[in-house]
Amino acid sequence: EQGKEIAFDRKKGNCLACHQLPIPEEDFHGNLGPPLSGIASRQSTGMIRLHIVDQSRFNPETVMPGYYRPFGQLHRVAAEFRGRTYLSAQEVEDVVAYLATLK
């Protein structure tokens, strides 16, 4: 449940901005990224985690943020955000656990 909440929280994971998810109670699913319904049938849990942590390892041109990649590795980051990540390690694991249920 926590991972699902993070995935559709527009101030946290915000997965719905780019992906369709099996969350019918939420409007305005994106279509920039692949649909995440059935993702656990296509990807291992480890691969799902890697995509969330830093999608740029798979696609350097991606617009998907690395949710566990420190802001300090990016350019033009405000000092208050340097060294921080979008999600905590626990939040990443919660999202991975949720996505791993989507078979």
Side-chain angles (χ1 to χ4, degrees):
E1 285 300 314
Q2 290 172 324
K4 181 179 178 180
E5 288 179 26
I6 294 166
F8 73 76
D9 184 327
R10 305 234 184 245
K11 294 181 181 177
K12 283 279 191 179
N14 199 20
C15 302
L16 292 174
C18 297
H19 300 278
Q20 291 181 347
L21 281 158
I23 306 174
E25 64 272 18
E26 287 294 318
D27 294 328
F28 310 114
H29 295 240
N31 61 8
L32 180 64
L36 296 179
S37 296
I39 188 68
S41 298
R42 301 186 305 272
Q43 300 269 340
S44 69
T45 302
M47 287 300 287
I48 292 170
R49 182 177 295 104
L50 284 172
H51 282 282
I52 293 169
V53 167
D54 190 1
Q55 175 64 20
S56 69
R57 292 180 178 260
F58 299 96
N59 176 4
E61 301 300 318
T62 189
V63 296
M64 181 175 165
Y67 285 97
Y68 200 68
R69 182 175 125 179
F71 287 125
Q73 295 176 359
L74 304 173
H75 300 287
R76 295 199 262 173
V77 175
E80 65 190 276
F81 297 109
R82 288 191 186 126
R84 293 179 56 194
T85 59
Y86 282 104
L87 298 177
S88 69
Q90 183 60 59
E91 289 169 328
V92 168
E93 292 305 315
D94 291 341
V95 173
V96 170
Y98 165 62
L99 294 177
T101 68
L102 305 181
K103 296 192 181 209

Let me check something: any side-chain donor-acceptor pairs from residues 92-103 under 3.5 Å, sequence neighbours excluded? List them with distances.
unit_1, atom_1, unit_2, atom_2, d
Glu93, OE1, Arg49, NE, 3.4
Glu93, OE1, Arg49, NH2, 2.9
Glu93, OE2, Arg49, NE, 2.7
Asp94, OD1, Gln90, NE2, 2.9
Thr101, OG1, Tyr98, O, 2.5

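Note on Tyr68 and Ile52: same hydrophobic cluster, where clusters join Ile, Leu, Val, Met, Phe, Trp and Tyr whose side-chain heavy atoms are under 4.5 Å apart, directly or indirectly. One hydrophobic cluster holds both Ile6 and Met64 under the rule that ILVMFWY side chains link at heavy-atom gaps under 4.5 Å. Both Tyr67 and Val53 belong to a single network of hydrophobic side chains, linked directly or stepwise wherever heavy atoms of I, L, V, M, F, W or Y lie under 4.5 Å apart.
Here CG of Asn59 is found 10.0 Å from NE2 of His51. Values are rounded to the nearest 0.5 Å. Note that CG of Leu36 is 10.0 Å distant from SG of Cys18, once rounded to the nearest 0.5 Å. Atoms CD1 and OG1, from Ile39 and Thr45 in turn, are 10.5 Å apart once rounded to the nearest 0.5 Å.
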| field | Full working for side-chain contact (heavy atoms from CB on, under 4.5 Å) between Leu16 and Arg10 | value | CA-CA 8 Å; Leu16 292 174; Arg10 305 234 184 245; 3.7 Å; yes
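Put simply, the side chain of His19 never gets that close to the backbone of Pro35: no donor and acceptor are under 3.5 Å apart. Under a 3.5 Å cut-off, the side chain of His29 and the backbone N or O of Ile23 do form a donor-acceptor pair.
Other residues, nucleotides and ligands contribute over 12 non-hydrogen atoms within 6.0 Å of the CD atom of Glu26. Counting non-hydrogen atoms of neighbouring residues, nucleotides and ligands closer than 6.0 angstrom, the CD atom of Glu25 exceeds 12 such neighbours.
Between Leu21 and Cys15, the shortest heavy-atom contact is CD1-CB, 3.8 Å.
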